Structure formats: structure tokens, C-alpha cells
Amino acid sequence: MPQASRSAFFRAASVIAALSTALLLAACGGGGGNTTSSATSDTAPPSNVSMAYNEVAVSIRQLGSNTTTLTANTPYVTVTVCAPGGSPCQSIPDVLVDTGSQGLRLFSAALNSTQLNALPQITNGSSTLAACAQFASGYAWGSMRRAIVQIGGEATTAAIPIQIMDDAALPAAPSSCSGTGGVDFASNFYGIANGILGVSNLKYDCGSACAQSAKPGVYFACTGSTCTGTTVDTSLQGINPIAAFATDNNGSILALPGVPLPLGAPSANGTLIFGINTQANNTLSGARLYPLDSAGNLSLTLNGAAMSGFVDSGSNGYYLALSGVPTCSQTSSFYCPSQAFSLAASLQLADRSYGPAQNIMIGNAQEMFQTQNAALPALGGTAAISGFVDLGLPFFYGRSIATGLEGTNASAPNGYLAY
């Protein structure tokens with residue numbers, strides 16, 4: 001795929017594939033026993049800070065309804081979807097915040113039947129439009145529907161395209177979607193999260209690449225029981241909801257508190273703030289700006305070695321290739337060093353120099369899972385996407401990281417990170 005579309009349908013691999021591995025490890029005995037009450041609430045812990053209208057509370061915690069697996073470093077928000085006329089509406093809790101993809105994707109089981117039926121299916125010509133979000137270890141098949149999306153006090157100015165994963169109104173996923181290998185995430189991971197809120201630097205989930213040609217296994221036109229690959233105009237594609245807000249629509253800031261290294265904490269509460277330099281609560285005074293390429297990647301050094309990478313709240317750990325570091329006995333996907341150690345990561349600035357080194361710690365994943373903490377700041381694993389350094393959710397602890405949308409800053413036309 002071209003770079004512009006890889007970010008949408010391949011970057012999300014680190015969101016789910018890495019997450020699923022962590023859950024498998026915990027389910028195999030990494031957790032053990034009962035979790036503490038502070039880590040098992042289905043309701044986000046109360047905050048003593050009043051939310052501004054352009055803010056929404058972010059909660060990292062173990063879901064009480066999920067009693068078989070440990071959910072590590074999963075940032076949840078509540079999203080409300082309404083029919084195009086403004087009613088009916090339904091609030092969907094526990095939607096994962098993902099700065100590495102774009103567009104809202106909800107599991108069909110998270111919506112009641114009234115709400116699901118009120119969201120009209122999008123047609124492409126005379127056919128029903130469907131999408132296949134392709135991850136490194138599987139896929140998510142679902143319909144494209146229209147909904148007004150509200151997050152905190154912000155709402156889209158009109159109904160936008162969203163994906164309803166595992167929508168029973170569609171026929172089975174065609175082989176060009178499901179045949180890529182791996183698991184069906186739409187049916188296997190409901191219960192870990194109710195959906196994915198993609199708020200990356202890109203506006204559309206595929207952009208001009210899918211508008212100009214039918215990219216294999218991405219968008220489909222379905223008639224009866226037959227679905228075939230199709231081109232799709234950007235007006236029908238999944239869109240970053242922030243780009244469709246009336247104001248505060250140039251990006252967002254994910255602010256999370258620091259948590260104890262290396263074993264973390266039962267939970268953590270933060271804030272997702274909409275807009276950058278548009279309100280008193282989202283100014284970037286003194287922040288350094290790191291420009292992204294068309295796929296949402298950046299240049300960086302790791303202990304002085306030049307590499308490519310990305311910062312992604314949807315990845316639940318640091319994922320990178322490290323020679324000589326032992327992996328865990330229960331899975332080779334996570335690192336289990338005898339002692340936690342730090343690496344120095346420096347991101348490239350707009351002038352091509354590198355910013356100050358940021359220390360990232362890699363600890364023993366098995367020891368972290370045994371604590372049953374949901375906020376794990378030193379969780380690290382092997383590279384989820386070959387050749388890239390994935391600075392996942394742990395990189396956000398103790399930082400307020402802005403993700404600027406493409407086309408909103410002259411020095412970073414593809415979008416940027418700033419902190």
C-alpha cells in the first residue's frame with residue numbers, strides 16, 4: 001500500500017495485535033488470583049478536576065466485566081453517537097484512544113438494536129459500503145454507517161462515516177479481507193474495548209489512495225452476498241472525528257500522569273483535550289515540534305542509532321527490536337530482562353536536528369503482569385512492525401503529547417507531535 005494508507009490499516013496492527021498478546025500472557029497465568037477493586041471497575045474512577053467542554057476524561061484500568069484477561073495500558077474514553085437527525089443517541093464507554101489511526105470504529109455489540117438501526121448504512125453507488133481494517137495479525141470487517149459523534153462537549157457538525165465492526169447486516173468477510181491470515185479481531189476482542197477512537201495526524205483512514213483506485217482488501221461494495229473491492233471518495237471514508245468538529249479541530253493533546261517505575265499502578269486517569277493553541281487549556285508554549293511523514297512516522301535515534309518510528313497511544317507497550325535482551329518464557333513477544341534498564345530516544349525536529357533524549361524503561365513483563373496493575377510504564381516487547389520503533393502508551397505517562405492534524409502547520413504539512 002502507499003504510505004498514506006499504511007498508517008490507517010497497518011499501523012493499527014500495533015493497537016490490537018500487541019494488546020492481544022499481552023492478554024494471552026496474562027490469561028496463561030501471568031495475573032493469577034483476584035484483582036483489586038481499584039483495578040476492576042467498569043466505571044472510570046471519579047476525577048476531582050472539572051472537565052472543560054473541549055476535554056474528556058481518559059481512564060486506564062482493568063474492566064470489571066473482563067475477568068479472564070489483563071488489560072494493560074488501554075486508555076478508555078466515552079463516545080456518544082447519534083443518528084443523523086440528532087436522535088436517538090447512545091453513549092459508548094470504554095472506547096480505546098488511538099493516536100496511531102484515524103476514524104471511529106465501534107463493535108456492533110456495543111450498540112443497542114435501536115441505535116444500530118438508526119445509523120444509516122452508507123452506499124457507494126447502489127451497493128452497501130464495507131471496510132476491512134487490516135492488522136498485522138488479523139482483520140476487522142464491518143459496515144460504514146453515518147453518525148453524529150460527540151466526545152466531551154465537542155461534536156461533529158454533521159453525521160460522519162464510522163465503521164461498525166462485526167455488523168450482522170453484512171455478508172461474511174470476503175477472502176481478500178479474511179484470507180490475509182490472523183484472527184478476526186471484530187469478533188474476538190469485544191469486551192476488551194467497545195471500539196477504537198482514531199485521532200492520529202491524518203484526516204481520512206485511506207485518503208486519496210483509496211479514492212483513486214480499489215486498494216486490495218480495504219473498501220468493498222456489497223450487493224446481496226457478494227462484496228467486491230471498490231474505490232471510495234474521501235467523503236465516504238472513515239474520518240478522524242476531530243477534523244469534523246466546528247472548533248478545536250486541528251488536533252488533540254493526550255495528557256497522562258506519571259506512574260511508578262517499573263511496576264506501575266492499578267490505574268491512571270488523564271485527559272484528552274481537543275484543539276491545539278485554540279483555548280487556554282491547549283497551548284503549546286515551550287513545546288518542541290516533531291514533524292511526521294505522510295504515514296505518521298518520524299525519524300529518531302535510539303541510544304544514538306538512527307531509526308524510524310512512531311508514537312502511538314493504541315500500542316500498549318514499547319515495541320522494538322533489542323538484541324541480547326531475553327524474552328519471556330510464556331511468550332517471545334515480550335521482554336523479561338532480569339533487571340529493568342533504560343534507553344535514550346531522541347526525536348527529529350523540523351530543522352532535522354534531534355531533540356533532547358527521552359529515557360524509556362524496559363522492565364520484566366512477567367513481573368509487571370503478576371502485579372495485575374493496568375498502568376504499566378515499562379512494558380516492552382519485540383517489534384510489532386518490522387523496522388520500526390513503536391513508542392506506545394507508556395511513552396505518554398508523565399507527558400502531555402499533542403498530535404497535530406495534517407495541513408494545520410506550515411512547518412509540518414503531514415502533521416506533527418509536540419510536547
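Note that the structure is predicted; figures quoted are calculated from it, not measured. Start at 1 with the first residue, then count along the sequence.
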Contact summary for [X] and [Y], nearest pair of heavy atoms:
X: Q237; Y: A211; result: NE2-N, 4.0 Å
X: P262; Y: A340; result: CB-CB, 4.1 Å
X: L289; Y: L349; result: O-CD2, 3.5 Å
X: I401; Y: L417; result: CG2-CD2, 4.4 Å
X: T234; Y: S208; result: CG2-N, 4.4 Å
X: Y139; Y: C177; result: CD1-SG, 3.5 Å

[X]: which residues meet the side chain to side chain donor-acceptor pair (under 3.5 Å) condition with it, sequence neighbours left out?
X: S235; answer: D233
X: S285; answer: none
X: T80; answer: S91

Using atom types as modelled and distance alone, determine if a side-chain donor or acceptor of [X] lies under 3.5 Å from a backbone N or O of [Y].
X: Q62; Y: P266; value: no
X: Q90; Y: N112; value: yes
X: T271; Y: I273; value: no
X: N373; Y: L263; value: yes
X: N240; Y: Q102; value: no
X: Q115; Y: S113; value: no
X: W141; Y: P171; value: yes
X: E55; Y: L272; value: no
X: N124; Y: T231; value: yes
X: N194; Y: A110; value: no

Say you draw a straight line from [atom1] of [X] to [atom2] of [Y]; how long is it, rounded to the nearest 0.5 Å?
X: L119; Y: I162; atom1: CG; atom2: CD1; value: 5.5 Å
X: M361; Y: L379; atom1: CE; atom2: CG; value: 13.5 Å
X: L347; Y: L391; atom1: CG; atom2: CG; value: 6.5 Å
X: I362; Y: Y318; atom1: CD1; atom2: OH; value: 7.0 Å
X: S108; Y: Q163; atom1: OG; atom2: CD; value: 10.5 Å
X: N73; Y: S315; atom1: CG; atom2: OG; value: 10.5 Å

Audit row: R146, I122, side-chain contact (heavy atoms from CB on, under 4.5 Å) steps and yes/no: CA-CA 7 Å; R146 290 196 183 276; I122 295 176; 3.6 Å; yes

4.5 Å side-chain heavy-atom contact, [X] and [Y]:
X: P241; Y: I160; result: yes
X: Y53; Y: T247; result: yes
X: L104; Y: I196; result: no
X: P394; Y: I360; result: no
X: D248; Y: N282; result: yes

Only counting residues at least two apart or in another chain, list the ones meeting side chain to side chain contact (heavy atoms under 4.5 Å, CB included) with [X].
X: P75; answer: V58, I60, L96, V97, L393
X: P377; answer: V259, L261, Y397
X: N250; answer: I276, T278, T408
X: N359; answer: A344

Ion pair check, R105 and D98, cut-off under 4.0 Å: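 Answer for the salt bridge query: no.
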
Residue pairs passing the side-chain hydrogen bond (donor to acceptor under 3.5 Å, both in side chains) test where at least one lies in residues 410-419, sequence neighbours excluded: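 Sorted result for residues 410-419: N409-S411.
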
Qualifying ring pair (Phe, Tyr, Trp, His ring centres under 6.0 Å) pairs, either residue in residues 341-364, two or more places apart: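 Qualifying pairs: none.
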
Partners passing salt bridge (Lys or Arg N to Asp or Glu O under 4.0 Å) against D167 (at least two apart in sequence or in another chain):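 For D167 the salt bridge (Lys or Arg N to Asp or Glu O under 4.0 Å) partners, ignoring immediate neighbours, are R145.
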
Listed partners of Y335 passing ring pair (Phe, Tyr, Trp, His ring centres under 6.0 Å), at least two apart: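 Listed in chain order: nothing, the list is empty.
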
Residues which pass ring pair (Phe, Tyr, Trp, His ring centres under 6.0 Å) with F245, listed by chain and number, not counting sequence neighbours: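 F245 satisfies ring pair (Phe, Tyr, Trp, His ring centres under 6.0 Å) with F274 only.
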
Flag for D184-S178: side-chain donor and acceptor within less than 3.5 Å: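 Looking only at side-chain atoms, D184 and S178 do not form any donor-acceptor pair under 3.5 Å.
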
Validation row, ring centre Y319 to ring centre F388 under 6.0 Å: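 No, the ring of Y319 stays outside the 6.0 Å limit from the ring of F388, centre to centre.
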
Stepwise side-chain contact (heavy atoms from CB on, under 4.5 Å) check, V95 with F107: CA-CA 10 Å; V95 177; F107 290 105; over 6 Å; no

Test: R399 cationic atom under 6.0 Å from F395 six-membered ring centre, within 45° of axis: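 The answer is yes; both the distance and angle limits are met.
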
Residues L129, L236; criterion side-chain contact (heavy atoms from CB on, under 4.5 Å); working and verdict: CA-CA 9 Å; L129 185 64; L236 304 181; 4.0 Å; yes

Derivation of the side-chain contact (heavy atoms from CB on, under 4.5 Å) call for L320 and L343: CA-CA 11 Å; L320 63 171; L343 300 167; 3.8 Å; yes

